[in-house]
Amino acid sequence: MSEKIAVFVEGDTELIFVRELLCRWYCYDSTKLGFRCIRLRASDVDDGYPTPYAFGDDSAAHFYEIVNVGNDNSVLSKAIKNAPRYRNLGYSKIITLRDMYCNNYHSLTRRTIIPEVNRRFIEGSENTIREKGFENFIFNNFAIMEVEAWFLGMPLFLEGIDERLTSGYLRETLGFDCDADPETCIYHPAKELGLIFNHVGSNYDKHHTEVHSIMSKLVRDDFEWLAISGKCESFARFIGHLTSA
């Protein structure tokens with residue numbers, strides 16, 4: 001019997017990340033994986049429309065509906081609103097994914113990573129889920145500070161972008177320590193990634209092609225390594241929810 005999971009994400013970067021991660025995790029095996037992607041148009045999933053790159057179908061062992069909310073502040077509220085519908089459709093859970101990086105965080109921290117603020121954001125979301133009665137159905141996830149931190153936690157892919165981007169070169173020229181945990185020391189990971197790309201004449205501005213380019217350099221072993229590396233704790237939590245790893 002197929003396990004069905006809905007994944008609510010804040011934007012295109014997260015949708016591409018989840019979609020491509022699933023393909024690599026399940027080795028493009030349509031008996032194990034099926035998914036479709038939806039972009040919300042208005043207030044409900046029913047008002048959404050499919051986006052490209054569906055894979056397999058709901059007869060696969062693991063079927064995912066990936067929902068692009070298009071607004072970081074609405075990810076959890078949209079998931080809660082649609083939870084009864086997904087439960088009635090036989091989905092086993094809803095997973096949410098959004099960045100910790102947001103205007104509310106900036107105003108509280110003056111653009112510094114503060115673990116206590118992270119904890120307050122996480123606990124606040126979990127309290128909301130409990131209050132709505134979905135504590136065993138909705139599993140909330142923040143990428144700290146952005147999904148790009150997870151890319152920076154797997155820096156070997158950078159050599160596939162440009163052979164000059166070795167760990168030694170990054171340390172000497174940009175002061176980027178490949179061994180450090182980006183979730184604890186890089187406030188704006190997308191900007192940091194952009195600086196690295198710019199240094200070798202490339203760009204990173206969260207465009208579809210750029211995210212695809214990065215994901216094309218990654219394989220399941222990279223994600224498995226990150227999950228047990230001790231870096232990017234929020235990724236280990238997310239992949240556990242996503243794949244029951």
Side-chain angles (χ1 to χ4, degrees), residues 7 9-21 24-25 72 75 95-106 108-122 125 139-161 165 167 170-171 174-199 202-207 210-243 245:
V7 187
V9 301
E10 71 170 72
D12 291 334
T13 299
E14 292 76 19
L15 184 146
I16 295 169
F17 179 87
V18 172
R19 185 186 71 209
E20 299 302 313
L21 167 58
R24 285 149 182 78
W25 194 266
D72 57 352
V75 173
I95 300 166
T96 65
L97 176 63
R98 58 162 293 189
D99 293 340
M100 187 69 76
Y101 185 93
C102 64
N103 288 332
N104 287 341
Y105 199 97
H106 305 332
L108 290 171
T109 65
R110 297 185 180 179
R111 296 180 180 268
T112 301
I113 300 173
I114 300 179
E116 173 60 20
V117 176
N118 296 349
R119 184 189 64 78
R120 285 162 52 189
F121 272 58
I122 293 167
S125 295
F139 298 87
N140 188 64
N141 293 269
F142 285 94
I144 302 171
M145 295 294 291
E146 300 175 284
V147 164
E148 285 81 3
W150 299 348
F151 292 147
L152 293 172
M154 302 178 285
L156 290 178
F157 82 87
L158 290 169
E159 291 185 51
I161 301 294
L165 295 176
S167 59
L170 291 169
R171 184 180 293 106
L174 296 176
F176 177 73
D177 183 358
C178 291
D179 295 326
D181 184 351
E183 289 193 347
T184 66
C185 60
I186 301 177
Y187 188 81
H188 195 348
K191 181 179 179 181
E192 183 74 16
L193 196 57
L195 291 173
I196 293 171
F197 275 52
N198 291 341
H199 199 72
S202 298
N203 293 299
Y204 181 79
D205 295 308
K206 288 182 173 282
H207 292 157
E210 296 159 356
V211 181
H212 275 293
S213 178
I214 292 173
M215 292 301 292
S216 72
K217 306 295 189 298
L218 299 171
V219 298
R220 174 169 172 157
D221 285 350
D222 294 310
F223 300 113
E224 289 182 325
W225 176 86
L226 183 61
I228 63 173
S229 68
K231 297 196 295 184
C232 298
E233 184 178 329
S234 68
F235 175 77
R237 172 184 168 90
F238 175 70
I239 196 69
H241 289 157
L242 188 69
T243 66

Inset, instruction - Check the pair I95 / V18 against side chain to side chain contact (heavy atoms under 4.5 Å, CB included), numbers first and verdict last. - result: CA-CA 11 Å; I95 300 166; V18 172; over 6 Å; no
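- With hydrogens and angles ignored, the 3.5 Å screen pairs a side-chain donor or acceptor of D99 with a backbone N or O of V147.
- Checked against side chain to side chain contact (heavy atoms under 4.5 Å, CB included), N198 has the following partners two or more places apart in sequence or in another chain: N203.
- Here the rule is side chain to side chain contact (heavy atoms under 4.5 Å, CB included) with I144, and of T184, N118, D181 only N118 fits it.
- Among all heavy-atom pairs drawn from A143 and S234, the shortest one is CA-OG, 3.8 Å.
- Here L152 contributes atom CG and L226 contributes atom CG; the two are 10.5 Å apart, rounded to the nearest 0.5 Å.
- In this structure, the side chains of F142 and R98 come closer than 4.5 Å at one or more pairs of heavy atoms.
- Counting only heavy atoms from C-beta outward, the side chains of R19 and M215 never approach each other to under 4.5 Å.
- In this structure, E14 contributes its side chain and G11 its backbone to a donor-acceptor pair below 3.5 Å.
- Closest heavy-atom contact between P189 and M145: CD-CB, 4.0 Å.
- L21 has its side chain out of reach of T243: every pair of non-hydrogen atoms, C-beta onward, lies at least 4.5 Å apart.
- The ring pair (Phe, Tyr, Trp, His ring centres under 6.0 Å) test applied to H106 returns Y101, Y187, not counting sequence neighbours.
- For the pair L174 and L195, the minimum side-chain heavy-atom distance is 4.5 Å or more.
- No side-chain heavy atom of D12 sits less than 4.5 Å from a side-chain heavy atom of K206.
- No donor-acceptor pair closer than 3.5 Å links the side chain of S213 to the backbone N or O of E210.
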Inset, instruction - Evaluate the criterion side chain to side chain contact (heavy atoms under 4.5 Å, CB included) for residue pair R120 and L108; output intermediate values, then yes/no. - result: CA-CA 11 Å; R120 285 162 52 189; L108 290 171; 4.3 Å; yes
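- Residue K191 holds its NZ atom at 12.5 Å from CG of D205, rounded to the nearest 0.5 Å.
- Under the rule for a ring pair (Phe, Tyr, Trp, His ring centres under 6.0 Å), the partners of F139 that lie at least two apart in sequence or sit in another chain are H241.
- In this structure D221 satisfies the salt bridge (charged side-chain N to carboxylate O under 4.0 Å, His left out) test with no other residue, sequence neighbours excluded.
- Considering only heavy atoms from C-beta on, F151 comes within 4.5 Å of Y204 through its side chain.
- Relative ring orientation between F238 and F17 is described as tilted, the plane-to-plane angle lying within the 30° to 60° band.
- In terms of modelled atom types and a separation under 3.5 Å, the side chain of E10 and the main chain of V75 share no donor-acceptor contact.
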Inset, instruction - Start with the C-alpha gap between R171 and D179, add the side-chain angles, then the distance that decides, and say whether side chain to side chain contact (heavy atoms under 4.5 Å, CB included) holds. - result: CA-CA 10 Å; R171 184 180 293 106; D179 295 326; 3.8 Å; yes
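- A 4.5 Å side-chain heavy-atom check between F197 and I214 finds at least one atom pair inside the cut-off.
- We find the CH2-CG distance between W150 and L218 to be 13.0 Å, quoted to the nearest 0.5 Å.
- Side-chain atoms of R24 come within 3.5 Å of backbone atoms of E20 as a donor-acceptor pair (strictly under, hydrogens ignored).
- Rounding to the nearest 0.5 angstrom, the gap separating the CZ atom in F235 from the CZ atom in F223 is 6.0 Å.
- Side-chain contact between E192 and E148: absent, with no pair of heavy atoms (C-beta onward) separated by less than 4.5 Å.
- Here the closest non-hydrogen pair linking P182 and A149 is CG-O, 3.2 Å.
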Inset, instruction - Determine, step by step, whether I113 and Y105 satisfy the side chain to side chain contact (heavy atoms under 4.5 Å, CB included) criterion, reporting the C-alpha distance in whole Å, the side-chain angles of both residues, the deciding distance to 0.1 Å, and the verdict. - result: CA-CA 9 Å; I113 300 173; Y105 199 97; 4.2 Å; yes
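- Under the side chain to side chain contact (heavy atoms under 4.5 Å, CB included) criterion, R119 pairs with E116, E123, sequence neighbours left out.
- Listed for the R237 side chain is a donor-acceptor partner under 3.5 Å among the backbone atoms of N140.
- Annotation: salt bridge (charged side-chain N to carboxylate O under 4.0 Å, His left out) contacts involving residues 222-231, sequence neighbours excluded, comprise R220-E224.
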